[in-house]
2 protein chains.
Amino acid sequence: MKTKITLKELSKLLNVSVSTVSKALNDSPEISPKTADRVKELAALHNYRPNPVAVNLKKNKTGTIGVVIPNISNTFFAGVLSGMEAEAQKNNLQVITYISNESLDREKQICDLLTSGFVDGVLIAVSEETQRKQEYDHLFSLVDYEIPLVIYDRINIDIPADKVGVNDERSFYDATKFFKSKGCKRIGLASAIHHVGVGKLRMKGYQDGMAPDEMFTATSTNMDDLKTKIYKLITENDLEALLCTDFMSSILASRIAYEHNLKVPEDLKIIGYISSEIAEYLSPSISYIEQHAAEIGAKATELLSERIEGHKNSSEFSEVIVKTTMMHLESTTF
Amino acid sequence: MKTKITLKELSKLLNVSVSTVSKALNDSPEISPKTADRVKELAALHNYRPNPVAVNLKKNKTGTIGVVIPNISNTFFAGVLSGMEAEAQKNNLQVITYISNESLDREKQICDLLTSGFVDGVLIAVSEETQRKQEYDHLFSLVDYEIPLVIYDRINIDIPADKVGVNDERSFYDATKFFKSKGCKRIGLASAIHHVGVGKLRMKGYQDGMAPDEMFTATSTNMDDLKTKIYKLITENDLEALLCTDFMSSILASRIAYEHNLKVPEDLKIIGYISSEIAEYLSPSISYIEQHAAEIGAKATELLSERIEGHKNSSEFSEVIVKTTMMHLESTTF
DNA sequence: CTGAAAGCGCTTACAG
DNA sequence: CTGAAAGCGCTTACAG
């Protein structure tokens, strides 16, 4: 790599000291306007830019934040990253990306890196495995090192940190009420994530919207099994509407309609939890709950940036809920 | 942030010099085994890890690579990033992610950052706008700064750099020949990217596979317009098979079949250029050309890493083509 | 207003 | 085998 011009070289060319050059470029009031101009002119001429590594060493920081993502092929997380990157640029922070692939082991490795001084702060959504096993020691080690930390999306974890997520319970309550307001009586729920935190919250929202004796649910973590159960649920109860808590159940609902020639929305209305990218392109398109991924990412980054700047009380943590939006496509046309 | 233990503090505790501690931890043969053990023991006890910023300043590097991605919501690029991250970890490089959002201006800003010393090397797929306007000055400035550079995916650019991409022409030639081998005569092509590099290459592949007088093509950059054209193309020529060069045309083909009750694959076979995530979940599922995104990302990172290490001749550049695979789903069942 | 000096946390050529 | 010194490229308290 070409060696860039340094302060020292600049100072030699200008016949002033390194300190003077540094102060001039940093707009210090100590320096005379005349000198400042001379310095800046030559710096511009040589396209001088301070070596960020040196500046960071001096200031005892890294200028970077670490983002841990469970699965980047999930467009929700891709959107989150996009929001983070945009907000980070505004705060002059570089985003270092780590992908855990939903693996606890990988997540531990990453946290080990994170505590060794590569970043000024961390944004993390824990992996599925971590959630299931509820093993959070590696996250507490971030806390021990006093690395500013914001947890996003999967936020039902008992860790002292800022959190940014969505109101999962409310979104399903609202969706249920939406169907009721349209006169639907037999409303079912399908879930492949009934065993994890967010899944439980979404189911709770549905339950709160329904009378106890009028609920219809199909749950399984096995794709084929769930498919059979959903089909049975629909046909045996002559469902008018179906809520799906996750990607797999949403896709299965779409698939079942296609294979069994169920008319959607005529015979069955569907609301899924699925990315717009996919929901829009299914035939028929499936109405979905939009999570505003980029906004979640931006908000999380904003909170982290404030922590890094030290603007916030170190023992008080905020929990920000970014509201979801119901997006109506063909599957909920009345 | 908690202050981590430093070499100096360690040396004080051990009553040896900083140099000795440093050498001991770096397994220098200069140090006696006895001292080395003492040092390592205490370092382990305090969980000492060298400050990467200081190490990097000393070694005149950053330990990071910059990845520029046009659009992270495109699952192809998400997969590429995933491959890059995995390969970067192997080489002890941190990945700093920049998202250009297909914008030339943003790309210029990013390149400006990139030349100011944040990274040791750059992986870039240029934005659509950049490609269209063929404005590459900002990329040449990376070259001027002698920053190791690898261009991935959108590689038909005349810049002295390593490149990693796919054989677009060949993939469409093969797909065309596949249909022919199955006895199809009336094979059409739909494209929304006929005006850009890769689009032209894919069309070329199709043309080479067909006789000049038996080609059927529908092209437009406007969604509605393209939809009309594709439908006409299919019905007026009674097409047996359709190749789609890109996401939009693939989705439109799927949509047209749904709306007009065309039986796929009975009445029409389709091969699309679309991510597996979407192709698999359409009903019927659409056969597609798989680009092996993660492999492209890994290979690009490997090349970059070699450049950074200086293992390669600085005036010779490699161009790696990662072969595509035809993935057969329901839309090409014969 | 300018500059010499110290120092951020390391590594490494050199001396002993 | 160990350590003092120089230095990576900066910033900043201090002296003049």
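Quantities reported herein were computed from a predicted structural model and do not represent experimental measurements. Every chain is numbered from 1 and lettered A, B, ... according to where its sequence line falls, protein lines coming before strand lines.
Closest approach to the Thr20(B) side chain among dT12(D), dC10(C), dG3(D) is made by dG3(D) (side chain taken as heavy atoms from C-beta onward). Considering only side-chain atoms of Lys58(B), the nucleotide from dG9(D), dA5(C), dG9(C) that sits closest is dG9(C). Minimum atom distance to the side chain of Ala54(A) is reached by dG9(D), of the listed dA4(C), dG9(D), dT12(C). The side chain of Lys59(B) has dT11(C) as its nearest neighbour among dT11(C), dG9(C), dC10(D).
Within the structure, every side-chain polar atom (N or O) of Tyr48(B) is placed at least 4.0 Å from both OP1 and OP2 of dG9(C). OP1 or OP2 of dT11(D) sits under 4.0 Å from a side-chain N or O of Ser22(A). Side-chain N/O atoms of Ser19(B) include none lying less than 4.0 angstrom from OP1 or OP2 on dG3(D).
The closest side-chain donor-acceptor pair between Tyr145(A) and Asn47(B) falls under 3.5 angstrom. With no hydrogens or angles considered, no side-chain donor-acceptor pair links Ser103(B) and Ser100(B) at under 3.5 Å. Side-chain atoms of Ser127(A) and Thr130(A) form a donor-acceptor pair, as typed in the model, at a separation below 3.5 Å. In this structure, a donor-acceptor pair under 3.5 Å is absent between the side chains of Asp105(A) and Gln109(A). Under the 3.5 Å distance criterion, with hydrogens and angles disregarded, no donor-acceptor pair is assigned to the side chains of Gln89(A) and Tyr98(B). Of the N and O atoms on the side chains of Ser32(A) and Thr35(A), at least one donor lies less than 3.5 Å from an acceptor on the other residue. With hydrogens and angles left out, the side-chain atoms of Ser73(B) and Thr75(A) include no donor and acceptor closer than 3.5 Å. Asn56(A) and Thr62(A) share no side-chain donor-acceptor pair at under 3.5 Å.
A salt bridge links Lys133(A) with Glu129(A): at least one charged nitrogen is closer than 4.0 Å to a carboxylate oxygen. By the 4.0 Å N-to-carboxylate-O rule, Arg49(A) lies close enough to Asp112(B) to be salt-bridged with it.
The CG-P distance, from Leu7(B) to dT2(D), rounds to 16 Å in whole Å. Per the geometry, NZ belonging to Lys61(A) stands 11 Å off P belonging to dT11(D), to the nearest Å. Protein atom CZ of Phe118(A) is 14 Å distant from nucleotide atom C1' of dC10(C), rounded to whole Å. One interatomic measurement links the two molecules: CG of Leu25(A) to C1' of dG9(D), which rounds to 13 Å at whole-angstrom precision. Atom CG in Asn51(B) sits roughly 6 Å away from atom C1' in dG9(C) (whole-Å rounding). For Asn60(B) and dG9(D), the CG to P distance is 6 Å, given to the nearest whole Å. Going from atom NZ of Lys8(B) over to atom C1' of dC8(C) covers 9 Å, rounded to whole Å. Rounded to whole angstrom, the span from the CZ atom of Arg38(B) across to the P atom of dC1(D) amounts to 15 Å.
Residue contacts for Val16(B): at a heavy-atom cut-off of 4.0 Å it reaches the sugar-phosphate backbone alone, with no base atom in range. Among the protein residues, Asn26(A) comes within range of the sugar-phosphate backbone only, with heavy atoms under 4.0 Å from sugar or phosphate atoms but none that close to a base.
Of the residues in residues 29-37 of chain B, those placing a heavy atom less than 4.0 Å from an atom of DNA chain C are Glu30(B), in numerical order.
The separation of dA4(D) from dG7(C), taken at their P atoms, amounts to 16 Å, rounded to a whole angstrom.
Heavy-atom nearest nucleotides on DNA chain C were determined for Arg49(B) and for Lys23(B), and the one closer to the 5' end corresponds to Arg49(B).
Secondary structure note: stems in DNA chain C built from 3 or more consecutive Watson-Crick or G-U wobble pairs under 3.5 Å occupy C:1-3 with D:14-16, C:5-12 with D:5-12, C:14-16 with D:1-3.
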